[in-house]
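Working notes for the structure below.
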Amino acid sequence: MSERIIDPHVHFFNLLDGQYEWLQGSNPPSWPNLETIKRPINAAQLQQTSPFEIIGLVHIEAGFDNKNPINELNWLAQHLHGENYKAVGFACIDSPPEDFNNAINALSHSSLVGIRDITEGADATRLTHPNCLDNLTLLNDCQLMFEAQFNVENLAITEQLIKYCQQLPNLHVVINHAGLPNNLSLWQEGIRRLAHIPNCTIKFSGFELFTAILQAQQQACFDFILQCFGQQRMMFASNFPVCQINSSYQKRWLSNFALCKTHSLWQQLSYKNARHCYQL
């Protein structure tokens with residue numbers, strides 16, 4: 001196929017030079033196909049496995065070196081040399097504002113468009129820390145986006161994020177992995193509330209991380225997000241290489257394609273929205 005896509009959620013691993021404590025430490029995830037996920041790959045090799053033409057990538061921080069996350073951006077500049085890409089780095093969103101300011105300054109790089117700090121499960125309480133508003137304000141002032149990865153069915157945390165978005169209407173917040181659904185009724189309520197916030201966008205990805213029951217309900221979840229967020233604030237993404245837990249990169253994107261009832265919707269979610277969001 002000659003269709004063009006932008007993949008706004010990929011990870012490239014350099015296990016020799018990077019730390020990746022979550023992947024290489026004493027307690028790695030108990031995922032199937034872990035060795036496949038760890039396998040080094042470049043953008044050209046990824047393109048060979050894609051059924052569509054990849055014209056842009058957004059690399060999301062992957063724990064290369066969380067104490068000095070600029071090292072990941074510098075390695076990416078070599079690894080993705082000549083590619084059309086942007087990068088989302090790591091900074092601790094609830095750190096003291098002075099520390100956060102220093103971290104953002106240390107991340108200065110032409111590829112940087114935002115930061116992600118994973119706050120899943122009980123870790124989500126960090127998003128309620130008073131430091132967060134100061135730090136999100138700094139991101140807003142620096143024209144950097146915040147990639148939020150938390151369970152939106154945690155409605156107290158969802159409401160807190162909504163307050164931040166209302167206080168900072170020019171801050172762009174991107175919800176990762178469809179808001180990590182588990183309890184569908186609570187998740188739907190969280191999605192409904194977030195969808196009212198115009199500076200909030202959502203990525204449809206990460207279903208390989210969910211239960212088999214939820215994986216079987218991808219179409220229903222997709223339709224619900226689309227109904228709430230509309231065509232302009234939703235993006236397909238692969239979560240490569242983690243998607244290989246249960247699917248190839250090719251199958252991941254063909255599955256996304258099959259979710260769309262019209263070609264114009266497919267183009268919007270696979271290319272146009274990501275191009276606009278990440279200025280690719």
Side-chain angles (χ1 to χ4, degrees), residues 3-13 37 41 43 46-47 49-62 76 80 83-90 111 113-118 120 145-152 172-181 187 191 194-195 200-210 214-215 218-219 221-226 228-260 265-280:
E3 294 278 354
R4 300 183 299 173
I5 64 169
I6 290 173
D7 193 337
H9 201 110
V10 300
H11 311 285
F12 291 102
F13 296 145
I37 291 167
I41 190 170
L46 186 62
Q47 177 62 77
T49 70
S50 174
F52 307 106
E53 180 186 2
I54 304 170
I55 69 153
L57 296 165
V58 181
H59 185 277
I60 308 297
E61 61 84 21
L76 282 172
L80 296 178
E83 300 294 336
N84 183 31
Y85 83 98
K86 299 291 186 180
V88 171
F90 169 78
S111 67
V113 292
I115 70 111
R116 178 179 78 158
D117 183 9
I118 296 174
E120 298 178 18
M145 65 183 64
F146 179 56
E147 299 260 340
Q149 187 162 323
F150 74 105
N151 307 81
V152 304
H172 192 175
V173 172
V174 179
I175 306 297
N176 284 196
H177 300 330
L180 300 170
W187 171 80
I191 292 293
L194 285 166
C200 184
T201 303
I202 190 165
K203 285 190 275 198
F204 191 81
S205 59
F207 273 76
E208 67 279 350
L209 302 170
F210 310 149
L214 275 169
Q215 289 179 37
Q218 277 190 69
Q219 183 74 60
C221 291
F222 171 82
D223 291 342
F224 187 80
I225 294 174
L226 182 63
C228 294
F229 272 82
Q231 295 188 21
Q232 307 297 322
R233 294 190 293 132
M234 184 179 183
M235 297 176 281
F236 284 132
S238 70
N239 197 27
F240 178 85
V242 180
C243 62
Q244 294 176 120
I245 287 175
N246 62 12
S247 179
S248 67
Y249 190 74
Q250 178 186 42
K251 289 180 180 178
R252 176 71 271 152
W253 276 102
L254 290 174
S255 174
N256 288 339
F257 182 81
L259 291 168
C260 295
L265 177 61
W266 160 251
Q267 288 183 316
Q268 200 74 41
L269 272 55
S270 64
Y271 173 67
K272 292 181 180 179
N273 290 347
R275 182 183 63 177
H276 173 74
C277 179
Y278 294 101
Q279 297 299 297
L280 280 161

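Predicted, not measured: the structure shown is a model, and the values here were computed from it.
The distance from the CD1 atom of Ile245 to the CG atom of Leu209 is 5.0 Å, given to the nearest 0.5 Å. To the nearest 0.5 Å, atom CD1 of residue Ile60 and atom CZ of residue Phe12 are 11.5 Å apart. Distance check, rounded to the nearest 0.5 Å: NZ of Lys272 to CG of Leu265 gives 11.0 Å. For the atom pair Asn176 CG and Glu147 CD, the distance stands at 4.5 Å (nearest 0.5 Å). A distance of 4.0 Å separates CD1 in Ile225 from CD1 in Ile202, rounded to the nearest 0.5 Å. We find the NZ-SG distance between Lys251 and Cys243 to be 11.5 Å, quoted to the nearest 0.5 Å.
Using a distance-only test at 3.5 Å, with no hydrogens or angles considered, a donor-acceptor pair links the side chain of Lys203 to the main chain of Pro8. No donor-acceptor pair closer than 3.5 Å links the side chain of His177 to the backbone N or O of Gln149.
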Can Gln279 and Val113 be said to form a side chain to side chain contact (heavy atoms under 4.5 Å, CB included), step by step?
CA-CA 9 Å; Gln279 297 299 297; Val113 292; over 6 Å; no
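Phe150 has its side chain within reach of Ile175: a pair of non-hydrogen atoms, C-beta onward, lies under 4.5 Å apart. Counting only heavy atoms from C-beta outward, the side chains of Cys277 and Val174 approach each other to under 4.5 Å. You'll find the side chain of Ile54 reaches within 4.5 Å of the side chain of Leu46, heavy atoms only. Residues Ile115 and Phe146 form a side-chain contact, since some pair of their non-hydrogen atoms from C-beta on lies under 4.5 Å apart. Using a 4.5 Å heavy-atom cutoff, the side chains of Tyr271 and Glu3 are not in contact. In this structure, the side chains of Leu57 and Tyr278 stay at 4.5 Å or more apart for every pair of heavy atoms. No side-chain heavy atom of Val152 sits under 4.5 Å from any side-chain heavy atom of Leu180. Between Tyr85 and Val58, every side-chain heavy-atom pair lies at or beyond the 4.5 Å cut-off.
Residues passing the side-chain hydrogen bond (donor to acceptor under 3.5 Å, both in side chains) test with Gln250: none are found, sequence neighbours excluded. Under the ring-ring contact (aromatic ring centres under 6.0 Å, His included) criterion, Phe210 pairs with Phe207, sequence neighbours left out. The side-chain contact (heavy atoms from CB on, under 4.5 Å) test applied to Asn256 returns Phe204, Phe236, Arg252, Trp253, Leu259, Trp266, not counting sequence neighbours. Applying the side-chain hydrogen bond (donor to acceptor under 3.5 Å, both in side chains) criterion to Glu61, with sequence neighbours excluded, gives Arg116. Among residues two or more places apart in sequence or in another chain, the side-chain contact (heavy atoms from CB on, under 4.5 Å) test is passed with Gln215 by Asn246. By the side-chain hydrogen bond (donor to acceptor under 3.5 Å, both in side chains) test, Gln219 pairs with Asp223, sequence neighbours left out. Scored by the side-chain hydrogen bond (donor to acceptor under 3.5 Å, both in side chains) test, Ser270 finds no partners at all (sequence neighbours excluded).
Nearest heavy atom pair, residue Tyr249 against residue Ile5, reads OH-CD1, 4.4 Å. Nearest approach of Ile6 to Ile55, heavy atoms of both residues: CG1-CG1, 3.9 Å. Between Gln231 and Leu269, the closest heavy-atom pair is O-CD1, 3.7 Å. The two residues Cys200 and Phe229 have their closest heavy-atom pair at O-CE2, 3.6 Å. Closest approach of Phe52 and Gln47 over heavy atoms only: O-NE2, 2.9 Å. When all heavy atoms are compared, the tightest approach of Leu214 to Cys221 is CD2-SG, 4.4 Å.
Residues in residues 232-245 take part in these side-chain hydrogen bond (donor to acceptor under 3.5 Å, both in side chains) pairs, two or more places apart or across chains: Asp7-Ser238, His11-Asn239, Glu208-Asn239, Gln232-Gln268.
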